[in-house]
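Because only heavy atoms are used, hydrogens play no part in the values below, and waters and symmetry mates are left out as well, while side chains stay in.
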Amino acid sequence: MKATAEILAEPIVEKGWVSVYCELFKARLTFLVLLTTLVGFYLGFRGPVDYPLMVHALLGTALVASGASALNQLWERKFDAKMRRTQSRPLPSGRLQPQTVLLIGIVSSTLGLIYLATAVNVLTSCIGAVTLISYLFIYTPLKRITWLNTAVGAIPGALPPLMGWTAARGQLTGEGWALFAILAFWQLPHFLAIAWIYRDEYARAGFKMLPVLDPHGHRTGRQAVSHTLGLLPVSLCPFLFHITGVAYLVGAVALGLAFLWFAIQFSRDLTVTRARQLFYASILYLPLLLAVMVLDKIK
């Protein structure tokens with residue numbers, strides 16, 4: 001989920017302050033985080049939805065996610081300046097100063113964790129803290145050390161729906177972990193497609209992405225197919241846990257097979273065109289799967 005909003009590069013142009021801060025907080029990525037949190041909350045809540053609690057959970061999560069995005073950009077500002085698709089971000093372009101971003105990031109993420117602990121529950125705040133720490137201090141530095149950073153990064157990327165679930169239920173259960181697993185498996189083909197498209201830029205910035213270390217793409221293709229294939233049975237868990245009905249089961253199988261087809265085509269051809277197709281398939285698959293999940297929730 002970290003590079004989704006970066007697939008379309010923008011030239012360095014003058015921007016208003018709203019646009020600058022939306023870019024600093026990775027607004028499109030944060031929206032996806034909130035969407036998965038919302039789905040986790042809705043699926044986890046029993047009876048009529050507690051809308052004030054839902055708003056509290058979303059607000060706290062938004063603060064944590066925005067702070068994490070700002071601090072991530074602060075950490076990677078020198079490397080972002082080396083890649084065309086990220087050199088227009090607020091720090092490399094000079095629109096914001098590092099001290100400002102450091103203050104904003106710390107304040108936003110800290111307020112978010114405190115807000116979740118007081119307005120939602122401590123468990124959700126703790127999961128938010130794990131998300132923040134693993135994203136900033138494990139995933140981010142690993143990007144320059146090992147290609148396994150993508151697998152590690154799937155952990156903080158998959159925690160938001162679990163946060164939504166615990167905000168509604170107040171406890172960790174198998175159903176919540178199933179939502180986590182769906183997001184974790186989804187992220188691998190999604191990010192591998194992005195990394196294949198921008199492998200030259202990643203190499204120039206010194207990031208150890210699998211497509212950079214695998215120029216022929218055979219390992220990249222196998223990883224994309226294996227995780228998309230693994231996603232198929234994992235995506236059936238909401239039905240097996242009796243969260244959703246038969247309509248979701250049919251939809252999950254159909255969407256999973258379509259996603260797998262795009263992954264197989266990418267692994268066979270290993271072209272930028274196929275990688276883009278896999279990327280777009282991934283960003284269609286997830287919201288459609290979540291929509292079917294919500295619509296077919298067993299009350």
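- Atoms CG and OG, from Leu103 and Ser108 in turn, are 10.5 Å apart once rounded to the nearest 0.5 Å.
- One finds the CG atom of Leu231 at 7.5 Å from the CG atom of Leu289 (value rounded to the nearest 0.5 Å).
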Leu278/Trp196 under side-chain contact (heavy atoms from CB on, under 4.5 Å): CA gap, chis, key distance, verdict: CA-CA 11 Å; Leu278 177 58; Trp196 185 261; over 6 Å; no
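- By the 4.5 Å heavy-atom criterion applied to side chains, Gln223 and Thr220 are not counted as neighbours.
- Atom OG of Ser69 and atom CG of Leu74 lie 12.5 Å apart (nearest 0.5 Å).
- A ring-ring contact (aromatic ring centres under 6.0 Å, His included) check over residues 71-100, counting only residues at least two apart or in different chains, returns the pairs Phe79-Phe207.
- Remark: Leu188 CG to Thr228 OG1 distance equals 8.5 Å, nearest 0.5 Å.
- Screening residues 135-151 for salt bridge (Lys or Arg N to Asp or Glu O under 4.0 Å), with sequence neighbours left out, gives Glu76-Lys143.
- Shown here are the side chain to side chain donor-acceptor pair (under 3.5 Å) partners of Glu175, two or more places apart in sequence or in another chain: Thr173.
- With sequence neighbours left out, the side chain to side chain donor-acceptor pair (under 3.5 Å) criterion links Thr131 to no other residue.
- For Tyr115, the ring-ring contact (aromatic ring centres under 6.0 Å, His included) partners are His56, not counting sequence neighbours.
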Pair Leu255-Leu284, side-chain contact (heavy atoms from CB on, under 4.5 Å): steps then yes or no: CA-CA 9 Å; Leu255 288 169; Leu284 284 173; over 6 Å; no
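- Remark: Leu113 pairs with Val64, Ser125, Ala129, Leu132 by the side-chain contact (heavy atoms from CB on, under 4.5 Å) rule, at least two apart or across chains.
- For Asn149, the side chain to side chain donor-acceptor pair (under 3.5 Å) test picks out no residue, with sequence neighbours left out.
- Atom CZ of residue Phe25 and atom OG1 of residue Thr30 lie 8.5 Å apart, to the nearest 0.5 angstrom.
- Ring-plane geometry between Tyr135 and Tyr139 is classed as parallel, the angle between the planes falling under 30 degrees on a 0 to 90 degree scale with a further cut at 60.
- The CG atom of Leu162 lies 12.0 Å from the CZ atom of Arg169; values are rounded to the nearest 0.5 Å.
- Crowding of Lys208 atom NZ: a count of heavy atoms from other residues, nucleotides or ligands under 6.0 Å not exceeding 12.
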side-chain contact (heavy atoms from CB on, under 4.5 Å) assessment of Leu96 paired with Tyr21: CA-CA 9 Å; Leu96 292 176; Tyr21 280 96; 3.6 Å; yes
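- For Arg95 (side chain) and Ser88 (main-chain N/O), a donor-acceptor pair under 3.5 Å exists by modelled atom type.
- Checked against ring-ring contact (aromatic ring centres under 6.0 Å, His included), Trp147 has no partners two or more places apart in sequence or in another chain.
- Qualifying side-chain contact (heavy atoms from CB on, under 4.5 Å) partners for Ala167, counting only residues two or more places apart in sequence or in other chains: Phe41, Ala57, Val120, Thr124.
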Please tabulate, for side-chain N and O atoms in residues 257-269, each donor-acceptor pair with protein atoms closer than 3.5 Å (sequence neighbours left out).
residue: Ser267; atom: OG; partner: Ile264; partner atom: O; Å: 2.8
residue: Asp269; atom: OD2; partner: Arg274; partner atom: NE; Å: 2.8
residue: Asp269; atom: OD2; partner: Arg274; partner atom: NH2; Å: 3.4

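- Remark: the backbone N or O of Glu23 is paired with a side-chain donor or acceptor of Gln73 at under 3.5 angstrom.
- For the side-chain contact (heavy atoms from CB on, under 4.5 Å) test with Leu159, the passing option among Thr166, Thr36, Leu179, Ile127 is Ile127; the others fail.
- A search for side-chain contact (heavy atoms from CB on, under 4.5 Å) contacts involving Val246 returns Phe239, Val250, not counting sequence neighbours.
- Contacts of Thr140 classified as side chain to side chain donor-acceptor pair (under 3.5 Å), with partners at least two apart in sequence or in another chain: Asn72.
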